[in-house]
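Here's the structure, in structure tokens; my notes come after.
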Amino acid sequence: MQPHLGKAQLVGLQNRPMIEEVGFPRLLTGAAARALVEKETGGRLGFGKEDVTWSGDAWLPVSVVQMTLMQMGSLRRKTAASHMWGVYDLIGGTFVTALDTEPERTSVQLDAGQIQPTLKVTDPAKTLDKIVASFRKVTSDDAKAKYRGQMGNLGVPDWQVPNTGTSTPFLYPVHLAIAQKGSTERVVAIDAFRSRPDADLGHKLTKAIVNVRQSLNIPPT
């Protein structure tokens with residue numbers, strides 16, 4: 001099958017009026033995004049190359065969760081707290097990135113399709129709260145390490161415990177590709193704000209590939 005790399009086939013996109021919503025700026029050019037897709041799907045030494053059957057920009061719904069971080073073991077003594085804002089996608093709850101300051105509510109033009117959310121904006125914070133509650137209940141080192149790992153997977157720095165605050169909806173810029181090898185296909189996700197591939201996000205979007213296709217009007221292969 002001839003790959004359509006670089007041809008964002010978002011049906012009817014050219015005729016849509018530009019709509020502005022709150023989001024992160026798209027900092028990665030289309031050419032740079034396509035180059036990253038080619039690198040991710042090119043295999044090694046000529047082996048394992050995947051066919052790219054669709055590629056294009058998209059907007060991902062995310063929740064920006066404000067957190068106050070306390071050092072583990074310091075909950076009973078006065079210790080300066082730090083703050084972070086975690087960004088989580090609202091498809092699979094994947095940790096996308098962390099910010100040291102609260103992001104500005106900047107208007108962005110919806111120049112590409114938007115993936116429909118399957119989670120509520122408060123769901124990522126609730127997941128963190130449950131992990132923290134479990135961490136505080138257990139006493140063994142192994143159990144503590146288990147929940148430390150789960151917090152780490154959600155972007156929390158090691159040896160710190162988060163108290164979640166507000167959850168705010170944003171749109172996040174990505175460049176997506178559908179790569180196929182044999183009968184298997186997957187979503188390749190390029191973070192267009194941080195300008196890097198995101199394997200975890202791609203894995204979660206692959207599980208939700210039906211939603212991705214429907215949201216972006218991607219034709220069947």
Side-chain angles (χ1 to χ4, degrees), residues 19-28 58-110 114-138 143-174 189-205 208 211 215:
I19 301 172
E20 290 191 354
E21 292 196 21
V22 172
F24 289 81
R26 187 179 297 278
L27 302 180
L28 187 66
W59 289 97
L60 182 72
V62 298
S63 176
V64 176
V65 181
Q66 187 273 332
M67 298 179 224
T68 300
L69 303 175
M70 295 295 295
Q71 193 74 20
M72 289 182 185
S74 65
L75 299 180
R76 294 186 179 182
R77 62 178 184 269
K78 293 182 179 180
T79 303
S82 60
H83 301 278
M84 69 170 275
W85 284 258
V87 181
Y88 304 91
D89 90 271
L90 292 177
I91 311 301
T94 314
F95 169 68
V96 177
T97 192
L99 305 168
D100 294 329
T101 58
E102 184 175 5
E104 295 183 4
R105 295 183 60 80
T106 305
S107 294
V108 294
Q109 288 189 339
L110 295 191
Q114 178 181 342
I115 304 172
Q116 293 303 305
T118 56
L119 299 176
K120 296 179 181 179
V121 70
T122 55
D123 283 347
K126 289 180 179 178
T127 297
L128 269 170
D129 291 342
K130 289 179 181 178
I131 295 171
V132 171
S134 297
F135 171 81
R136 287 175 172 161
K137 288 179 182 178
V138 299
K144 290 285 187 184
K146 170 186 173 182
Y147 293 115
R148 275 176 48 210
Q150 291 182 9
M151 285 188 279
N153 290 338
L154 292 175
V156 178
D158 201 10
W159 300 105
Q160 299 200 47
V161 180
N163 290 320
T164 61
T166 57
S167 297
T168 307
F170 275 75
L171 290 179
Y172 197 88
V174 292
I190 306 298
D191 183 328
F193 176 67
R194 294 297 195 192
S195 301
R196 63 191 182 190
D198 190 328
D200 290 339
L201 179 59
H203 179 68
K204 289 292 181 68
L205 292 180
N211 181 25
S215 297

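If you're wondering where the values come from, they're calculated on a predicted model, not measured in any experiment. Only heavy atoms go into these numbers, but all of them, side chains included; no hydrogens, no water, no symmetry mates. Just so you know, residue 1 is the first one in the sequence shown, and it goes up from there.
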Between Q114 and E21, is there a side-chain heavy-atom distance shorter than 4.5 Å?
yes
Can you tell me how far NZ of K120 sits from OG of S167, rounded to the nearest 0.5 angstrom?
13.0 Å
Point-to-point distance, once rounded to the nearest 0.5 Å, from OG1 of T97 to CE of M84:
8.5 Å
Check whether any side-chain N or O of R26 sits under 3.5 Å from a backbone N or O of A58 as a donor-acceptor pair, and report yes or no.
yes
So, taking the atom named CG in D158 and the one named CE in M151, what distance separates them when rounded to the nearest 0.5 Å?
8.5 Å
Heavy atoms from other residues, nucleotides or ligands near NZ of K130 exceed 12 (cutoff 6.0 Å):
no
Take K146 and V138 through the test side-chain contact (heavy atoms from CB on, under 4.5 Å) and record every step on the way to the result.
CA-CA 10 Å; K146 170 186 173 182; V138 299; over 6 Å; no
Treating S63 as the side-chain partner and V121 as the backbone partner, does any N or O pair qualify as donor plus acceptor under 3.5 Å?
yes
Closest heavy-atom contact between L69 and P157?
CD1-CD, 3.9 Å
Identify the two heavy atoms, one from F170 and one from E104, that lie closest to each other, and give their separation to 0.1 Å.
CE2-O, 3.5 Å
If you define the side chain from C-beta out and look only at heavy atoms, does anything of V64 sit under 4.5 Å from F24?
yes
Is the backbone N or O of L90 less than 3.5 Å from a side-chain atom of D123, with the two atoms forming a donor-acceptor pair by type?
no
Are D200 and T94 linked by a side-chain donor-acceptor pair shorter than 3.5 Å?
no
Point-to-point distance, once rounded to the nearest 0.5 Å, from CG of N163 to NE2 of H83
10.5 Å
A side-chain contact here means heavy atoms from C-beta on lying under 4.5 Å apart; do S134 and Q150 qualify?
no
Closest non-hydrogen atom pair, K144 against F135
NZ-O, 2.7 Å
Which residue in the set L205, L119, V62, L201 passes side chain to side chain contact (heavy atoms under 4.5 Å, CB included) when paired with I91?
L205
Please examine the side chains of V132 and P162, heavy atoms only from C-beta on, and report whether any two atoms are closer than 4.5 Å.
yes
Once you round to the nearest 0.5 Å, how far does CZ of F95 lie from OG1 of T127?
14.5 Å
Test side-chain contact (heavy atoms from CB on, under 4.5 Å) applied to L171 and L110, step by step:
CA-CA 9 Å; L171 290 179; L110 295 191; 3.4 Å; yes
Interatomic distance, CG@D191 vs CG@D198, rounded to 0.5 Å, equals 6.0 Å
Evaluate the ring planes of Y172 and F193, with Trp represented by its six-membered ring, and classify them as parallel (under 30°), tilted (30 to 60°) or perpendicular (over 60°).
perpendicular
What verdict does the side-chain contact (heavy atoms from CB on, under 4.5 Å) test give for I131 and V156, after you've listed the backbone C-alpha separation in whole Å, the side-chain angles of each residue and the deciding distance to 0.1 Å?
CA-CA 11 Å; I131 295 171; V156 178; over 6 Å; no
